[in-house]
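Quick one: the structure is below, and I'll ask about it shortly.
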Amino acid sequence: MTDSIRSAAVSAASADAGLHVPSGSVRGQGAGATVPGPEPRTHKTAPPRRHRGPLYAALDLGTNNCRLLIARPHDHGFRVLDGFTRIVRLGEGVSVTGRLSDAAMERTMEALRQCRNKLRDHQPDRMRLIATEACRAAENGVAFLERVREEIGIDLEIVDRRTEAELAVTGCADLIEETAQGALMFDIGGGSSELAWLDFRGGRPRIQGRMSASIRSWQSLPVGVVSIAEKFGGVDVTPDVFEAMVNYVAEHLRQFRGREKLRQMIGTHPVHLIGTSGTVTTLAGLHLGLERYERQKVDGLWMRREQVDDTMRVLLGMSFERRVAHPCIGKDRADLVLPGCAIFEAIRREWPTERVRVADRGLREGILISLMDADRVHKRGRFGRRRPNGQ
């Protein structure tokens, strides 16, 4: 839902060997850091077109999705050259068994092979490839990533929850209203949900890649759309079941450091919510009455409190079959969207604001911005300082 790009199936009969992609690596520096060129082709095809300037890649392997972006710097941001997204449900059943299932791992391996092929074709100069809650929580998560490294040749790092929250903030920071004194950003994931309270009363960073410095408090909730669906069910969700979901999430929100102070700030200063997840973008699509999901209409959309109320009410009244048939939901999300709404609703009740801004962006964008910003700082430090007295 957060990305309209779909990868065409790629035949990879001889592609399982020879690509090692360390997380955050610089191509050509250090053993194992070079991404080899595409393997010889038996038919004539034009090689991928290389643009001036370095290429960057970011991969986010979550509980529910596998997502990749490949981009190059452009003006003050970046231009996406290629991408991939697939719902793999890697964390399916982890909240019950504590382990990644064989079926979930096989689905994910196939998606990662597609990502590996794109990385091989584009040869990015810098990349960071991360795994989040499913691999953090599963007892066989590390073993699975070792299998990925050995069989597919890409090396993913398991990031901690704070890093995940900071990357999400970095990816969404340019959607925070310029006049806002603060914002509460939330990222509803498959196995966990991250919240970050940004407080600008002492000043606001000018650079998007430095926005995480304004985080006053953060929390990683051990609940996501997959884990809530497995606990309460996501197919037949009655109003009573929905309220039980909301109350369950609310218990976790009571542990948020600065909970009362954030509520006080919302009452006295301009503060808004900013949400990044398939849940929030789905609500936006429903609110707009889209016949099919359109990212350009959803990303950056403002929704008022009453609009969110009305859209949630409509969604809660839909049967599972109607959710499956709806073009902005579909069969892959039909059982997850109401658990996601329950997490969103608990956040709204705890910290009620008049508006929420919808972000169809997140960890991958945060990774890209962080890598590009770090390179700019490195170049300034290396080339941008003149020596005194002409030395």
Side-chain angles (χ1 to χ4, degrees), residues 2 24 58 60 62 76-77 128 130 132-133 136 157-189 191-224 249 252-277 279-280 300 343-344 346-348 350-353 355-374 376-377:
T2 60
D60 167 25
H76 298 292
R128 191 174 186 187
I130 69 170
T132 58
E133 185 63 20
R136 280 196 300 255
E157 63 170 309
I158 300 177
V159 296
D160 59 36
R161 292 180 175 90
R162 182 178 182 92
T163 299
E164 186 174 355
E166 289 176 346
L167 288 172
V169 166
T170 300
C172 300
D174 61 341
L175 290 182
I176 300 173
E177 192 169 43
E178 290 186 6
T179 58
Q181 290 291 297
L184 178 62
M185 194 226 71
F186 59 94
D187 182 0
I188 301 172
S192 68
S193 298
E194 278 60 50
L195 293 89
W197 169 20
L198 292 100
D199 190 344
F200 305 133
R201 287 176 290 186
R204 181 169 177 165
R206 295 181 179 179
I207 302 173
Q208 185 174 350
R210 299 287 186 267
M211 192 64 75
S212 62
S214 295
I215 296 177
R216 178 167 175 178
S217 182
W218 70 279
Q219 182 184 10
S220 180
L221 305 177
V223 294
V249 177
H252 292 283
L253 292 177
R254 293 191 176 94
Q255 301 171 22
F256 188 88
R257 181 183 297 177
R259 171 178 167 232
E260 293 295 337
K261 290 182 179 179
L262 174 55
R263 188 180 288 116
Q264 292 170 7
M265 183 182 180
I266 290 172
T268 57
H269 294 79
V271 178
H272 67 83
L273 297 177
I274 178 167
T276 169
S277 70
T279 296
V280 184
I343 298 172
F344 183 18
I347 294 169
R348 296 175 67 228
E350 186 67 44
W351 298 289
T353 64
R355 297 185 302 161
V356 59
R357 196 160 202 191
V358 179
D360 187 347
R361 57 185 74 189
L363 294 182
R364 294 172 304 165
E365 289 82 0
I367 290 170
L368 292 174
I369 291 165
S370 298
L371 291 175
M372 293 175 188
D373 184 59
R376 291 187 189 103
V377 170

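Quick note: numbers below take in every heavy atom, side chains included, and nothing from hydrogens, waters or symmetry partners. This one's a predicted model, so the numbers in the text were calculated from it and none came from an experiment.
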Q. Roughly how far apart are L184 CG and M265 CE, rounded to 0.5 Å?
A.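 Here the rounded value is 11.0 Å.
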
Q.
Are the side chains of E177 and R357 in contact, using a 4.5 Å heavy-atom criterion?
A.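 No, side chains not in contact.
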
Q) Under 4.5 Å between any side-chain heavy atoms of R355 and T353, yes or no? A)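 No - every pair of side-chain heavy atoms lies 4.5 Å or more apart.
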
Q: Grab the two heavy atoms, one from I266 and one from P352, that are nearest each other, plus how far apart they are.
A: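 Looks like CG2-O, 3.3 Å.
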
Q. For W197 and V271, what are the C-alpha separation, side-chain angles and deciding distance, and is it a side chain to side chain contact (heavy atoms under 4.5 Å, CB included)?
A. CA-CA 10 Å; W197 169 20; V271 178; 5.8 Å; no

Q | Rounded distance (nearest 0.5 Å) linking atom CG of L195 with atom CD1 of I215 | A |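 The CG atom of L195 sits 11.0 Å away from the CD1 atom of I215.
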
Q: Look up atom OG1 in T132 and atom CZ in R161, then write down how far apart they are to the nearest 0.5 Å.
A: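 Interatomic distance, T132 OG1 to R161 CZ, rounded to 0.5 Å: 10.0 Å.
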
Q | Closest non-hydrogen atom pair between S370 and L167, with its separation | A |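 Closest heavy-atom pair between S370 and L167: OG-CD2, 3.9 Å.
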
**Q.** Heavy-atom side-chain proximity of W218 to E166 below 4.5 angstrom
**A.**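 Not in contact.
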
Q: Search all heavy atoms of V280 against all heavy atoms of G275 and return the closest pair with its distance.
A: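 For V280 versus G275, the nearest heavy atoms are CG1-O, 4.0 Å.
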
Q | Side-chain heavy-atom pair R259, Q219 within 4.5 angstrom cut-off | A |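 Counting from C-beta outward, R259 and Q219 never come under 4.5 Å.
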
Q. Is the side chain of S214 donor-acceptor paired with the backbone N or O of R204 at a distance under 3.5 Å, no angle test?
A.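 Flag not set: sc S214 to bb R204 has no pair under 3.5 Å.
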
Q: Measure the spacing between CD1 of I274 and CG of L198 and express it to the nearest 0.5 Å.
A: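 If we round to the nearest 0.5 Å, I274:CD1 and L198:CG are 9.0 Å apart.
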
Q: For side chain to side chain contact (heavy atoms under 4.5 Å, CB included), just list the numbers for S192 and E164, CA-CA rounded to whole Å, side-chain angles, deciding distance to a tenth of an Å, and then say yes or no.
A: CA-CA 10 Å; S192 68; E164 186 174 355; 4.2 Å; yes

Q: Output all residues satisfying salt bridge (charged side-chain N to carboxylate O under 4.0 Å, His left out) with E178, sequence neighbours left out; order by chain, then residue number.
A: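 E178 satisfies salt bridge (charged side-chain N to carboxylate O under 4.0 Å, His left out) with no other residue.
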
Q: For A168 and L363, work out which heavy atoms get closest and say how close.
A: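 In this case the closest contact between A168 and L363 is N-CD2, 3.6 Å.
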
Q.
Is there a side chain to side chain contact (heavy atoms under 4.5 Å, CB included) between I176 and H272? Walk through the geometry before answering.
A. CA-CA 8 Å; I176 300 173; H272 67 83; 3.8 Å; yes

Q) Between V159 and R136, what is the shortest heavy-atom contact and its length? A)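 Scanning both residues, the minimum pair turns out to be O-NH1, 2.8 Å.
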
Q: Find the distance between CG (L262) and CZ (R257) and round it off to the nearest 0.5 Å.
A: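 It is 14.0 Å, given to the nearest 0.5 Å.
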
Q.
Between P270 and T179, is there a side-chain heavy-atom distance shorter than 4.5 Å?
A.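 SC-SC contact between T179 and P270 ruled out.
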
Q) I343 and V249: which non-hydrogen atoms are nearest, and at how many Å? A)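 Heavy atoms only, the tightest pair is CG1-CG2, 3.9 Å.
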
Q: Could you tell me which residues satisfy salt bridge (charged side-chain N to carboxylate O under 4.0 Å, His left out) with D174, sequence neighbours excluded, listed by chain and number?
A: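 For D174, the residues satisfying salt bridge (charged side-chain N to carboxylate O under 4.0 Å, His left out) (neighbours in sequence not counted) are R361.
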
(Q) Any non-hydrogen side-chain atom of R162 less than 4.5 Å from a side-chain atom of E194? (A)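 Sidechains of E194 and R162: no contact.
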
Q | Nearest-0.5 Å distance, CD1 of residue I188 to CZ of residue F344 | A |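 With rounding to 0.5 Å, CD1 (I188) is 7.0 Å from CZ (F344).
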
Q) Under the side-chain hydrogen bond (donor to acceptor under 3.5 Å, both in side chains) test, which residues partner R254, sequence neighbours left out? A)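 For R254 the side-chain hydrogen bond (donor to acceptor under 3.5 Å, both in side chains) partners, ignoring immediate neighbours, are E251.
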
Q.
The test is side chain to side chain contact (heavy atoms under 4.5 Å, CB included); show your working for E157 and I130 and say whether it passes.
A. CA-CA 5 Å; E157 63 170 309; I130 69 170; 3.9 Å; yes

